[in-house]
Every structure is written in C-alpha cells, then in structure tokens.
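The figures that follow rest on heavy atoms only: side chains count, while hydrogens, waters and symmetry mates do not.
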Amino acid sequence: MVRVTREFDAPPDRVFDAHVDVEKVRRWLGPRNLTMTVQRWDAETGGGYRYTHADADGEYRFYGSFHEVRAPERIVQTFTFEGFPDGVCLETLTVTPLDGGRSRLVGTSLFDSFEARDGMLASGMEVGVREGYEQLDELLAAG
C-alpha cells in the first residue's frame with residue numbers, strides 16, 4: 001500500500017472538481033515533462049478512463065474504472081499501466097475540509113503484491129505525484 005497525504009489552499013469542492021473535470025485533469029496530472037492525451041474520461045460511478053502520457057522517449061498508457069465518485073469527498077477507482085496489465089491497483093481518494101477554506105487530500109493505492117507496489121515506486125511515481133500536485137497547486141491558485 002502507498003498513502004499520500006497533501007493539503008491544498010482551496011476548499012474540497014474545488015480540489016474534487018480538479019480530479020473529475022477532464023480539462024483540469026489534463027493540466028495537472030503527472031510529471032511536468034509529459035504531455036497528456038485523454039481517450040476516455042467518464043468520471044462518474046461506473047465510468048472509466050484511458051489516457052496517454054508522452055515525452056521524447058515514448059508513450060505511456062493508463063486506464064481504469066471509476067467505482068465510486070461521490071462529490072466532493074470520495075473517489076474509488078482502479079488504475080492500470082498498460083505496460084504492466086497484471087498490476088491493477090485500487091485507489092481511494094478522500095478530500096476533507098480544513099479551517100480557512102483549505103482541504104486535506106488522502107490518496108491510498110492498494111496493490112495486489114509487494115512486487116507491484118515496488119515496481120510502481122521504482123517507475124518514478126514519486127516524481128509524478130509530487131510534480132502533479134505542484135501543478136494542481138498552481139491550477140487552484142489561478143482560480
């Protein structure tokens with residue numbers, strides 16, 4: 001399991017919206033050096049997604065299903081890297097309000113094996129999460 005906790009200077013509804021509105025997701029999800037193309041984005045309970053990140057070295061495809069989308073507090077989804085299709089991850093994201101119009105986001109990724117978890121961490125996940133949330137900070141600050 002991997003757990004990421006992050007606070008944002010924005011209320012829960014704005015943080016949640018940035019996770020379900022495809023135009024906003026394109027602007028922040030993933031490392032800064034990657035370009036995102038979305039083939040499918042149905043951010044609703046029972047929906048699904050598929051997107052591609054690309055850089056000069058190649059393309060990286062991801063897909064999953066939205067199992068629960070409950071605004072503005074919870075998203076449960078699967079996450080799969082096409083290059084490792086047996087490594088399906090179950091992700092739960094919760095957004096809670098904090099004083100002063102701020103929010104706390106907690107993301108939990110449950111892997112089916114230690115090998116899958118370690119592989120994801122070795123792939124650069126930390127950089128993607130850190131840079132992605134820095135870009136989300138910028139998006140939220142811009143209004």
Does anything in residues 80-113 pair up under ring-ring contact (aromatic ring centres under 6.0 Å, His included), and if so which pairs, sequence neighbours excluded?
Phe62-Phe81
Over 60° means perpendicular and under 30° means parallel, so tell me whether Phe66 and Trp41 are parallel, tilted or perpendicular.
perpendicular
Verify side chain to side chain contact (heavy atoms under 4.5 Å, CB included) between Asp9 and Asp137, making sure each step is shown before the conclusion.
CA-CA 8 Å; Asp9 289 324; Asp137 279 332; over 6 Å; no
Starting from the C-alpha separation in whole Å, work towards a yes-or-no answer on side chain to side chain contact (heavy atoms under 4.5 Å, CB included) for Gln135 and Arg32.
CA-CA 8 Å; Gln135 293 176 107; Arg32 291 183 185 276; 3.5 Å; yes
Atom pair CZ (Arg70) and OG1 (Thr45), whose distance is rounded to the nearest 0.5 Å
9.0 Å
Is any side-chain heavy atom of Val20 closer than 4.5 Å to one of Ile75?
yes
Student check: side-chain heavy atoms of Tyr49 and Val25 closer than 4.5 Å:
no
Is a side-chain donor-acceptor pair under 3.5 Å present for Thr96 with Arg104?
no
Once you round to the nearest 0.5 Å, how far does OG1 of Thr37 lie from CG of Leu34?
10.5 Å
If you draw a 6.0 Å radius around CD in Gln39, do more than 12 non-hydrogen atoms from other residues or ligands fall strictly inside?
yes
Less than 4.0 angstrom from a charged side-chain N to a carboxylate O is my criterion; do Glu82 and Arg50 meet it?
yes
What verdict does the side chain to side chain contact (heavy atoms under 4.5 Å, CB included) test give for Val76 and Arg74, after you've listed the backbone C-alpha separation in whole Å, the side-chain angles of each residue and the deciding distance to 0.1 Å?
CA-CA 7 Å; Val76 179; Arg74 181 175 162 94; 3.5 Å; yes
Ring geometry between Tyr51 and His53 (parallel below 30°, tilted from 30 to 60°, perpendicular above 60°)
perpendicular
So does Leu139 get a backbone contact from the side chain of Trp28, meaning a donor-acceptor N/O pair under 3.5 Å?
no
Cation-pi check, Arg6 to Phe8: give yes when NZ or CZ is under 6.0 Å from the six-membered ring centre and within 45° of the ring axis, no otherwise.
yes
Show me the side-chain donor-acceptor pairs of residues 86-93 shorter than 3.5 Å, one per line, residues at least two apart or across chains.
{"from": "Glu91", "atom 1": "OE1", "to": "Gln77", "atom 2": "NE2", "distance (Å)": "3.0"}

Could you tell me the separation between the CD atom of Glu134 and the CD atom of Glu138, rounded to the nearest 0.5 Å?
7.0 Å
Pairwise distance CD(Glu73) to CG(Leu105) - rounded to 0.5 angstrom
13.0 Å
Can you find a pair of side-chain heavy atoms, one from Leu98 and one from Glu7, that are under 4.5 Å apart?
yes
According to a 4.5 Å side-chain heavy-atom criterion applied to Ile, Leu, Val, Met, Phe, Trp and Tyr, with indirect links allowed, do Leu136 and Val38 form part of one hydrophobic cluster?
yes
How long is the straight-line distance from OH of Tyr133 back to CG of Leu29, given to the nearest 0.5 Å?
8.5 Å
Tell me, do Met1 and Thr108 make a side-chain contact under 4.5 Å, heavy atoms counted?
yes
Please report the shortest heavy-atom distance between Ser103 and Pro11, naming the atom on each side.
OG-C, 2.9 Å
Salt bridge flag under 4.0 Å for residues Glu59 and Arg61
yes
Going by the rule side chain to side chain donor-acceptor pair (under 3.5 Å), which residues pair with Glu126 if we only count those two or more places apart in sequence or in a different chain?
none
Nearest heavy atoms of Asp55 and Asp57, plus distance in Å:
OD1-N, 2.8 Å
Should Arg117 and Phe114 count as side-chain neighbours, where that means a heavy-atom distance under 4.5 Å?
yes
Rounded to the nearest 0.5 Å, how far apart are CD of Glu23 and CG of Asp17?
11.5 Å
If Ile, Leu, Val, Met, Phe, Trp and Tyr residues are connected whenever their side-chain heavy atoms lie under 4.5 Å apart, and connections chain through other members, are Leu121 and Val4 in the same group?
yes
Please check if the side chain of Arg14 supplies one atom and the backbone of Leu140 the other of a donor-acceptor pair under 3.5 Å.
yes
